[in-house]
Number of protein chains: 2
Amino acid sequence: MTGLKKKATSIDVARLAGVSQSTVSRTFSTDRSKVAPETREKVLAAARELGYTPDVIARSLSTQRTNIVGIVMADITSPFYPYVLELFITELQEAGRQVLLFTAGPHQEVDDILSLVLQYRVDALIITSATLSSEMADECAREGTPVILFNRYVPGAAASAVSCDNAEGGRLVANLFLDADHVRPAYIAGVKNASTNIDREKGFTDRLRERGQRECLREQGAYTYESGYECARRLLQRADPPDAIFCANDIMALGAIDAARDLAVRVSKELSIIGFDDIPAAGWSAYSLTTIRQPVNQMVAATLEVLTEQVEHPEAKPVTKLAPGTLIPRTSARLPSYVESSSQENRAVIRTGNLG
Amino acid sequence: MTGLKKKATSIDVARLAGVSQSTVSRTFSTDRSKVAPETREKVLAAARELGYTPDVIARSLSTQRTNIVGIVMADITSPFYPYVLELFITELQEAGRQVLLFTAGPHQEVDDILSLVLQYRVDALIITSATLSSEMADECAREGTPVILFNRYVPGAAASAVSCDNAEGGRLVANLFLDADHVRPAYIAGVKNASTNIDREKGFTDRLRERGQRECLREQGAYTYESGYECARRLLQRADPPDAIFCANDIMALGAIDAARDLAVRVSKELSIIGFDDIPAAGWSAYSLTTIRQPVNQMVAATLEVLTEQVEHPEAKPVTKLAPGTLIPRTSARLPSYVESSSQENRAVIRTGNLG
DNA sequence: GTATACTTTGCATACGTATTCAGAATGCCT
DNA sequence: AGGCATTCTGAATACGTATGCAAAGTATAC
């Protein structure tokens, strides 16, 4: 009820408690070892009376640490990312860090955003679904701001990266298609330069070729429902339509399923569709999409581990981690018989190494 | 390529340019009127050479304005909110403000988060989908931090609010159902205390009663797909199932459609379903959900107007604004014949007034 | 009783910028 | 030439906290 305009400062508290400002500061510091219990009580009482709260801005200026992590996210609305974002925020908040969120619109390169972010002296930077020039990554490294790419990587850059093993996921899908005797596979691609898309496609087509499948249809999508729908429609209206489609993400796969339905192509019987991500809608009864689940929890946890490590040891070398995807068998694809039996919990084990 | 460890400060720039620190500061201030063009050039050149960027933290400490807006969001993953969030971020970023994002988990009340937010001295606070005690709102008001509730309101509190006209939306749906000769309406409710849910239900059932419909079935949902599915299943398995269901939001409506399909109830022929929000999935061909669209763009724009106003004039009284929803007719509901014809652009006109 | 170590506190200063005030320089008018 | 207004710059200080250093006080050991 001390409802006055100005916020109380540590000096006000000091005066009321009859101690020095330093003592007040120490009382609210994390290493509270250096203040006598009784003094501590006096200070806390005074603080309570004045409604005092340490000013984070001033603290940041003094300590050169903001406890703020920047997150740059390009397509928040793509159904996979809200989950990632919520996880990040929840975990970071729990660890006493806050999140400054930036978005890189289609007309706005990440590099432009970056200078903005750096002005805020964030302790670290997480970049998801947006490319970053390696010069900028180096720039961050020079300024001492650790950068962690989430599901992206920039080959030569001085940035850590945590990613799903997209190439392995692609190979897995290729194996599943061939083992279940599909003869005419197709790939609906995501955004062109996205490393997720490149890796998933490469894993998929490489494995197909390794196993003697000479041809693979392809349509260029854009990670959206509409693009998935259109690409699938084009594929299915060919004289020689595919009998299996691997979509670079779930949302395009949902579009593909709807396209098939609208063209009276029976999904699973005549056409197998497999997606990537395992977004909630994949499990809805209208779709029942077979997909490769990204181990979001592990990926986020790994990202935060790397983050903590890099913040505490700014000199440390960049690190990369890969987490394996898991097949979630549903009904949108005909699967080889061995899938049912091998329902062992496919524990995600994070692999550390080089993504290049 | 002046790649050294420490960031350059205004003092470094001043020294190199042969001017005082004040001049450097003024060069980078927004009211740049007070520095001679040639001096300005010298300073900018020096700054460029050193890679200098003003330190936002220090600036904030000095000006007592952070240019940061806090956003508290409880369920980022609920499909409607990522769009809201992206819009907010994009627009705020464009206006030179940054967004500090907080989430209020189920075990964490907004009030707890709030003290955290306030420590960061955000210029303003936007709260979506989370309730806030009126004491806390008053606390913010006292500290001079404007609070704007998005699609929520707290009756007696000192906080502004921008919301969709949820009650009117409910009334609209009631009219549509009755005008198309439905005789057994039902409501699937959202989260219990959410003002969106309360208003939509009240508008809906009040209007039904006004027009002589004495009974309305009801199931308690939770704004999730699963709850929509389960509630619809319970309704449809009754001896006296409804012939029209109004779902408090789209995601539950999608669940309801899938439940109907799984029970071989033909949506639109035997059962009309209307949702609220108009999320992208509502337009997918698997659902084609008739729904009330929230005018997100206008709501966000209105919120930012209020925000700017309140930041510039901290003494101003709290304001509330209401934006009308628009019917998006698709195929999940039998509609009265007048709907087709009246396809005039239903321009959203924001109403200012009292929500209480 | 003195020497030593340890705990607790206060003083002074640093963090990087914005801003007030006063002084210097310039131009204009009579 | 002198008076006055105008434009530009620099010195000094404020913003609120953290922390190194030294001093004061307390406990321990001999």
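Proteins come first, then strands; the chains are lettered A, B, ... in the order of their sequence lines, and each starts at number 1. Quick note: numbers below take in every heavy atom, side chains included, and nothing from hydrogens, waters or symmetry partners.
- Residues forming a side-chain contact (heavy atoms from CB on, under 4.5 Å) with L44(A) (at least two apart in sequence, or on another chain): T27(A), F28(A), R40(A), E41(A), R48(A).
- Closest-nucleotide positions on DNA chain D for T63(B) and T39(B) were compared, and the one nearer the 5' end corresponds to T39(B).
- Among dT9(D), dT17(C), dA18(D), the nucleotide with an atom closest to any side-chain atom of Q21(B) is dT17(C).
- Open room surrounds CD on E38(B); 12 or fewer heavy atoms of other groups in view lie less than 6.0 Å from it.
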List the atom pairs, with distances to 0.1 Å, where a side-chain N or O of residues 94-101 of chain B and a protein N or O form a donor-acceptor pair under 3.5 Å, not counting sequence neighbours.
none

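- Comparing dG16(C), dT17(D), dT8(C) by their nearest atom to the side chain of P37(A) picks out dT8(C).
- Every pair tested for ring-ring contact (aromatic ring centres under 6.0 Å, His included) that includes a residue from residues 53-72 of chain A fails, sequence neighbours excluded, so the list is empty.
- Each end of the helix from dG1(C)-dC30(D) to dT30(C)-dA1(D) gets its own rotation axis from five pairs of C1' atoms, and the angle between them is 40° to the nearest 10 degrees.
- Rounded to whole angstrom, the span from the CD atom of E38(B) across to the C1' atom of dT9(D) amounts to 12 Å.
- In this structure, NZ of K7(B) is placed 10 Å from P of dG16(C), rounded to the nearest angstrom.
- Judged as a salt bridge (Lys or Arg N to Asp or Glu O under 4.0 Å), not a single pair has a partner in residues 83-92 of chain B (not counting sequence neighbours).
- For dG10(C), neither phosphate oxygen OP1 nor OP2 lies less than 4.0 angstrom from any side-chain nitrogen or oxygen of S22(A).
- Following rounding to the nearest Å, Y120(A) (OH) and dT17(C) (C1') show an atom-to-atom distance of 14 Å.
- If you measure from atom CZ of R65(B) to atom C1' of dG16(D), you get 19 Å, rounded to the nearest angstrom.
- Pairs passing the ring-ring contact (aromatic ring centres under 6.0 Å, His included) check and including a residue from residues 118-144 of chain A, sequence neighbours excluded, do not occur.
- In the interface, the side chain of R26(A) is paired with the base of dG10(C) through a donor and an acceptor atom under 3.5 Å apart.
- When heavy atoms are screened at a 4.0 angstrom cut-off, V19(A) is found touching the sugar-phosphate backbone but no base atom.
- Looking only at atom types and distance, the side chain of S22(A) has no donor-acceptor partner in the side chain of S25(A) under 3.5 Å away.
- Here S25(B) reaches the OP1 or OP2 of dA18(C): one of its side-chain N or O atoms lies under 4.0 Å away.
- Nucleotide dT17(D) holds its P atom 14 Å from the CD1 atom of I57(B), rounded to whole Å.
- Under 3.5 Å, the side chain of Q64(B) and the base of dA18(C) form no donor-acceptor pair of N or O atoms.
- For S20(A), a side-chain nitrogen or oxygen approaches OP1 or OP2 of dG10(C) to under 4.0 Å.
- Here the C1' atom of nucleotide dA11(D) and the CD1 atom of I11(B) are 13 Å apart, to the nearest Å.
- The distance from atom OH of Y52(B) to atom P of dG16(C) is 10 Å, rounded to the nearest whole Å.
- Note: CG (D55(B)) to C1' (dT17(C)) measures 8 Å, nearest angstrom.
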